[in-house]
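Read through the structure below, which is laid out as structure tokens, and then see the notes.
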Amino acid sequence: MTYTLANIDGRAALVAGDQWYDLETVSGGESGPDPMMVLVAPDRLRALSSVLDQHESSGSVDAARFGPPVPRPRNVFAVGLNYQAHADEGSMEVPDNPLVFTKFPSCLVGPTADVEMRSDAVDYEGELVVVIGPGGKDIDPADAWDHVVGLMVGQDISDRPVQFAAKPPHFDLGKSFDTFGPVGPVMVSPDAVDRDRLRIITEVNGEVRQDCTTDQMIFDIPTLVSYLSRVTTLTTGDLIFTGTPEGIGATQGKFLADGDVITTRVEGIGTMNNRCVRIGDHRVC
Ligand code: ZN
């Protein structure tokens, strides 16, 4: 049985079709309302999802307010240059090992949140995001999927001037402004989708900018999970932004402008719509 987890009004919810079900309610109080608490138990998510038809729906998905499905991860890892065509468009060499940086967890927002921009060179990066379920250390690639509780759509929003303000460039700051980590709309179980080949599409105001499949990743999900776990203990709820395919704005001179709407879709998972709002100047560089 597959599952689709959401954060609706700050509470864990299971989604089936166009309806959602409050998780604490369908669990009879056994699970609490915090979306973070259920990530360690994929089997419980599976079991509860299999009996949703015995419960009354809490509401329709259309009218629901979605937050980030994983609101408070301890760590948010991200991977740069993980698609050959994206490395090529920036005239960058593909790294021999995963190029890892972090997005501060404080940048996470939901799938309909505004992106608050503080310069004229803010960029989109549509990505598949991995959610760690049962944590672990020194995870073998062959066991890596056992540690993944779900997959989400994500945007690795990037302020390019800050990213390249220092030499060598530092990724973390320019990609961690408040609101620079939209994720959602739901987290699906890996077995609900073709986990090795998912199509990612990013549109800006309806114009397709990125359209690629995740089988083009240089370092695949098991490799990334294993690699990170050899350095740091992966903890339930940790996120991994797995890298963006080609088509970013910087290489086309098409940065995000006030009022733009970014639509990010991963087939089989869902769609996010985030409006861009220019709220001021960061004066960082
Ligand atoms: Zn990225």
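This structure is a prediction, so every number in the text was calculated from the model and none was measured. All values below come from the heavy atoms of this structure, side chains included, with hydrogens, waters and symmetry mates left out.
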query: So, Asp172 versus Thr102: side-chain donor-acceptor pair below 3.5 Å or not?
result: yes

query: Could you go step by step and tell me if Asp191 and Arg46 meet the salt bridge (Lys or Arg N to Asp or Glu O under 4.0 Å) rule?
result: CA-CA 11 Å; Asp191 58 350; Arg46 247 177 253 291; 3.0 Å; yes

query: Taking side chain as C-beta onward, heavy atoms only, is Val70 less than 4.5 Å from Pro73?
result: yes

- request: Verify side chain to side chain donor-acceptor pair (under 3.5 Å) between Ser158 and Asp123, making sure each step is shown before the conclusion.
  value: CA-CA 5 Å; Ser158 307; Asp123 209 346; over 6 Å; no

query: After noting the C-alpha distance and the side-chain angles of Glu267 and Arg265, does the key distance pass the salt bridge (Lys or Arg N to Asp or Glu O under 4.0 Å) rule?
result: CA-CA 6 Å; Glu267 277 187 358; Arg265 185 164 68 248; 5.5 Å; no

- prompt: Hey, are the side chains of Asn82 and Leu224 touching, using non-hydrogen atoms and a 4.5 Å cut-off?
  reply: yes

query: Which value, rounded to the nearest 0.5 Å, describes the distance between Thr213 atom OG1 and Asp196 atom CG?
result: 11.5 Å

field: Pair Glu203-Thr263, side-chain donor/acceptor within less than 3.5 Å
entry: no

message: To check you understand the geometry: which heavy-atom pair defines the closest contact between His86 and Pro245, and what is its length?
response: CB-C, 3.6 Å

Separation of Cys212 SG from Leu128 CG (nearest 0.5 Å): 11.5 Å

query: Any sub-3.5 Å donor-acceptor pair from Ser189's side-chain atoms to Tyr3's backbone N or O?
result: yes

field: Polar side chain donor-acceptor pair, Gln19 to Ser60, under 3.5 angstrom
entry: no

message: What I want to find out is whether Arg160 reaches Glu125 closely enough, with some N-O distance under 4.0 Å, to be called a salt bridge.
response: yes

query: So, is the end of the Lys103 side chain (NZ or CZ) under 6.0 Å from the ring centre of Phe180 and within 45° of the ring's axis?
result: no

query: So, are Arg278 and Asp260 salt-bridged, with charged N and O less than 4.0 Å apart?
result: no

message: Tell me whether Ser176 contacts the main-chain N or O of Phe104 through its side chain, where contact means a donor paired with an acceptor under 3.5 Å.
response: yes

message: Can you give me the closest heavy-atom contact between Pro35 and Gly10, atom names plus distance?
response: CD-O, 3.9 Å

query: Mind checking whether Val100 and Leu228 have side chains closer than 4.5 Å, heavy atoms only?
result: yes

message: Hydrophobic clusters here meaning ILVMFWY residues chained together by side-chain heavy-atom distances under 4.5 Å, can you tell me if Leu173 and Val284 are in one?
response: yes

Flag for Thr214-Arg197: side-chain donor and acceptor within less than 3.5 Å: no

field: Approximate separation, where rounding is to 0.5 Å, of Asp215 CG and Asp220 CG
entry: 10.5 Å

message: So that I can tick it off, tell me whether Glu24 and Arg11 are bridged by a salt bridge, with the cut-off set at under 4.0 angstrom between side-chain N and carboxylate O.
response: yes

field: Enclosure of Met1 CE (heavy-atom neighbours >12, cutoff 6.0 Å)
entry: yes

message: Would you compute the distance between atom CG of Leu14 and atom OH of Tyr21 and round it to the nearest 0.5 angstrom?
response: 10.0 Å

- prompt: Can Asp143 and Trp145 be said to form a side-chain contact (heavy atoms from CB on, under 4.5 Å), step by step?
  reply: CA-CA 6 Å; Asp143 302 328; Trp145 279 111; over 6 Å; no

task: Step by step, work out the side-chain contact (heavy atoms from CB on, under 4.5 Å) result for Asn97 and Tyr227.
output: CA-CA 9 Å; Asn97 292 291; Tyr227 188 80; 3.5 Å; yes

- request: Using a 4.5 Å cut-off on heavy atoms from C-beta on, say whether the side chain of Asp238 contacts that of Val130.
  value: no

field: Between CD1 on residue Ile201 and OG1 on residue Thr264, distance to nearest 0.5 Å
entry: 10.5 Å

- line: Exactly one of Thr236, Thr233, Thr235 clears side-chain hydrogen bond (donor to acceptor under 3.5 Å, both in side chains) with Arg74, and that residue is Thr235

message: Measuring only between side-chain heavy atoms, which start at C-beta, is Ile139 closer than 4.5 Å to Val225?
response: yes

query: Side-chain contact, heavy-atom cut-off 4.5 Å: Pro33 with Leu23?
result: no

query: Is the shortest heavy-atom distance from the side chain of Arg199 to the side chain of Val266 under 4.5 Å?
result: no

- request: Return the orientation label for the His282 and Phe177 ring planes: parallel under 30°, perpendicular over 60°, tilted otherwise.
  value: tilted

message: Has Gln252 got a side-chain atom pairing as donor or acceptor with Ile248's backbone, closer than 3.5 angstrom?
response: yes

message: Is there a side-chain contact (heavy atoms from CB on, under 4.5 Å) between Thr179 and Ile157? Walk through the geometry before answering.
response: CA-CA 8 Å; Thr179 74; Ile157 303 291; over 6 Å; no

query: Given the rule that I, L, V, M, F, W and Y join up when any side-chain heavy atoms are under 4.5 Å apart, are Met217 and Phe241 in one cluster?
result: no

message: Evaluate Arg44 against Ser31 for side-chain contact (heavy atoms from CB on, under 4.5 Å), listing each step before the verdict.
response: CA-CA 9 Å; Arg44 177 176 296 183; Ser31 288; 2.9 Å; yes

field: Nearest-0.5 Å distance that lies between atom CG in Leu99 and atom CG in Asp96
entry: 11.5 Å

- request: Report yes or no: does Asp114 contribute a side-chain atom to a donor-acceptor pair with the main-chain N or O of Cys276 at less than 3.5 Å?
  value: no

message: Using only atom types and a distance under 3.5 Å, with no angle test, would you say the side chain of Glu246 pairs donor to acceptor with the backbone of Ala85?
response: no

- prompt: According to a 4.5 Å side-chain heavy-atom criterion applied to Ile, Leu, Val, Met, Phe, Trp and Tyr, with indirect links allowed, do Met187 and Val183 form part of one hydrophobic cluster?
  reply: yes

query: Does atom CE of Met36 have more than 12 heavy-atom neighbours from other groups under 6.0 Å away?
result: yes

- request: Say whether, by atom type as modelled, one donor and one acceptor occur between the side chain of Gln216 and the main chain of Tyr83 under 3.5 angstrom.
  value: no

query: Are Glu116 and Arg118 close enough for a salt bridge, meaning some N to O gap below 4.0 Å?
result: no

task: Would you indicate whether the side-chain heavy atoms of Tyr124 and Leu256 approach each other to under 4.5 Å?
output: yes

query: Same hydrophobic cluster for Val131 and Leu234, using side-chain heavy-atom links shorter than 4.5 Å among ILVMFWY?
result: no

task: Determine yes or no for a side-chain-to-main-chain donor-acceptor pair under 3.5 angstrom, with Thr244 supplying the side chain and Glu127 the backbone.
output: no

- prompt: Val149 pairs by side-chain contact (heavy atoms from CB on, under 4.5 Å) with which of Leu45, Ile132, Val40?
  reply: Leu45

message: Between Asn274 (side chain only) and Ala113 (backbone N and O only), is there a donor and an acceptor less than 3.5 Å apart?
response: yes

message: Quick one about Asp159 and Gln163 (side-chain donor to acceptor, distance below 3.5 Å, no hydrogens or angles considered), yes or no?
response: no

message: Has His147 got a side-chain atom pairing as donor or acceptor with Gly135's backbone, closer than 3.5 angstrom?
response: yes

query: Would you say Thr232's side chain and Ser229's backbone share a donor-acceptor pair under 3.5 angstrom?
result: no

field: Path from Leu52 to Val61 over hydrophobic side-chain contacts below 4.5 Å
entry: no

- prompt: Considering residues, nucleotides and ligands other than Arg283, do more than 12 of their heavy atoms fall under 6.0 Å from its CZ?
  reply: no

